[in-house]
Amino acid sequence: LLICHKIEASVIYNTTLTQASPQCFWQGDGWRSGLFLWFAKNAPKVRGRERGYSILAATLSLDRVRVKNGHGTRLLVDPMDFIGREICCTGSYEPCTLALAARLMKHGGVFVDVGTNFGLFTFTVASAQNTRCIAIDPSIAALTQFHKNLSINEFNNIICVHSALASKHETAFLHTPIASNLGTTR
């Protein structure tokens, strides 16, 4: 059963940060991650901050930062990737959009995440009762990270599809133009 929702602009604009649920915000899971996220959120906005961020990540051996949300969902995020850096520095990435997705799926249904990347939306929505998630991504780098995140959670309602979606059948080559942003893979 695929549930399609008609989303009007007013619904999107009425979803504010104060309405976002705890599943949309992330905190450190363990002392290393907690320390790193504290620094990322509280370091003064001065010249050299980015270098300090990178040095601390390397010093703490954090090629991936382990975070968890208010519902207990865990993710491993790359602190050098655009989305991972945003989660580390602010505690969230697109919290209004995540809250909207969670709200639309709170009564169950099928959630299709096209371009799932490491699974931020899939894992956030998967905690809702009676929800099945289909995660689709053509990037082996993204799906490798997705499967690591799947292994640290106990979800049995997620199907992962390694494929690209297009209007015609053909072979395509993937390219990530910005190495520090896996989401730019085309």
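Worth knowing before you read on, the calculation uses all heavy atoms, side chains too, and leaves out hydrogens, waters and symmetry mates. The structure displayed is predicted, hence computed values, not measured ones.
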Note to self: Please enumerate all residues that pass ring-ring contact (aromatic ring centres under 6.0 Å, His included) together with F118, with sequence neighbours excluded.
What the structure shows: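 Checked F118 against ring-ring contact (aromatic ring centres under 6.0 Å, His included); zero matches.
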Compare every heavy atom of [Y] with every heavy atom of [X], then report the nearest pair and how far apart it is.
X: P79; Y: A57; answer: CG-CB, 4.3 Å
X: V77; Y: G84; answer: CB-CA, 4.1 Å
X: R49; Y: A43; answer: NE-O, 3.2 Å
X: L37; Y: G28; answer: CD2-N, 3.5 Å

Item checked: Crowding at CD, Q129 (>12 non-hydrogen neighbours, <6.0 Å) ->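 No, because the 6.0 Å sphere around CD of Q129 holds 12 heavy atoms or fewer from other groups.
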Establish whether [X] and [Y] are linked, either directly or via other cluster members, by ILVMFWY side-chain heavy-atom contacts under 4.5 Å.
X: F82; Y: L76; result: no
X: F146; Y: Y93; result: yes
X: L150; Y: I152; result: no
X: V67; Y: W31; result: yes
X: V161; Y: V114; result: yes

Note to self: Considering only residues two or more places apart or on different chains, which pairs with a residue in residues 144-160 satisfy side-chain hydrogen bond (donor to acceptor under 3.5 Å, both in side chains)?
What the structure shows: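 Qualifying pairs, neighbours excluded: R64-Q145.
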Interatomic spacing from [atom1] in [X] to [atom2] in [Y] - rounded to 0.5 Å:
X: F121; Y: T97; atom1: CZ; atom2: OG1; value: 5.0 Å
X: K106; Y: T131; atom1: NZ; atom2: OG1; value: 12.0 Å
X: T59; Y: I55; atom1: OG1; atom2: CD1; value: 7.0 Å
X: D137; Y: L143; atom1: CG; atom2: CG; value: 5.0 Å
X: F25; Y: S92; atom1: CZ; atom2: OG; value: 5.0 Å
X: S33; Y: L75; atom1: OG; atom2: CG; value: 11.5 Å

Polar side-chain atom of [X] near backbone of [Y] as donor-acceptor pair, under 3.5 Å:
X: S127; Y: F123; result: no
X: T73; Y: N69; result: no
X: D78; Y: M80; result: yes
X: Q23; Y: G70; result: no
X: Y53; Y: F39; result: no
X: T90; Y: I87; result: no

Next item on the list: Could you check R85 against E50 for salt bridge (Lys or Arg N to Asp or Glu O under 4.0 Å), going step by step and ending with a plain yes or no?
Entry: CA-CA 10 Å; R85 181 180 299 260; E50 296 294 318; 2.4 Å; yes
Checklist line | Partners passing side-chain hydrogen bond (donor to acceptor under 3.5 Å, both in side chains) against T122 (at least two apart in sequence or in another chain) | finding: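 D113, T116.
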Notebook entry, point to check: Run the side chain to side chain contact (heavy atoms under 4.5 Å, CB included) check on W26 and L120 step by step: do they pass?
Noted result: CA-CA 11 Å; W26 303 88; L120 176 65; 3.7 Å; yes
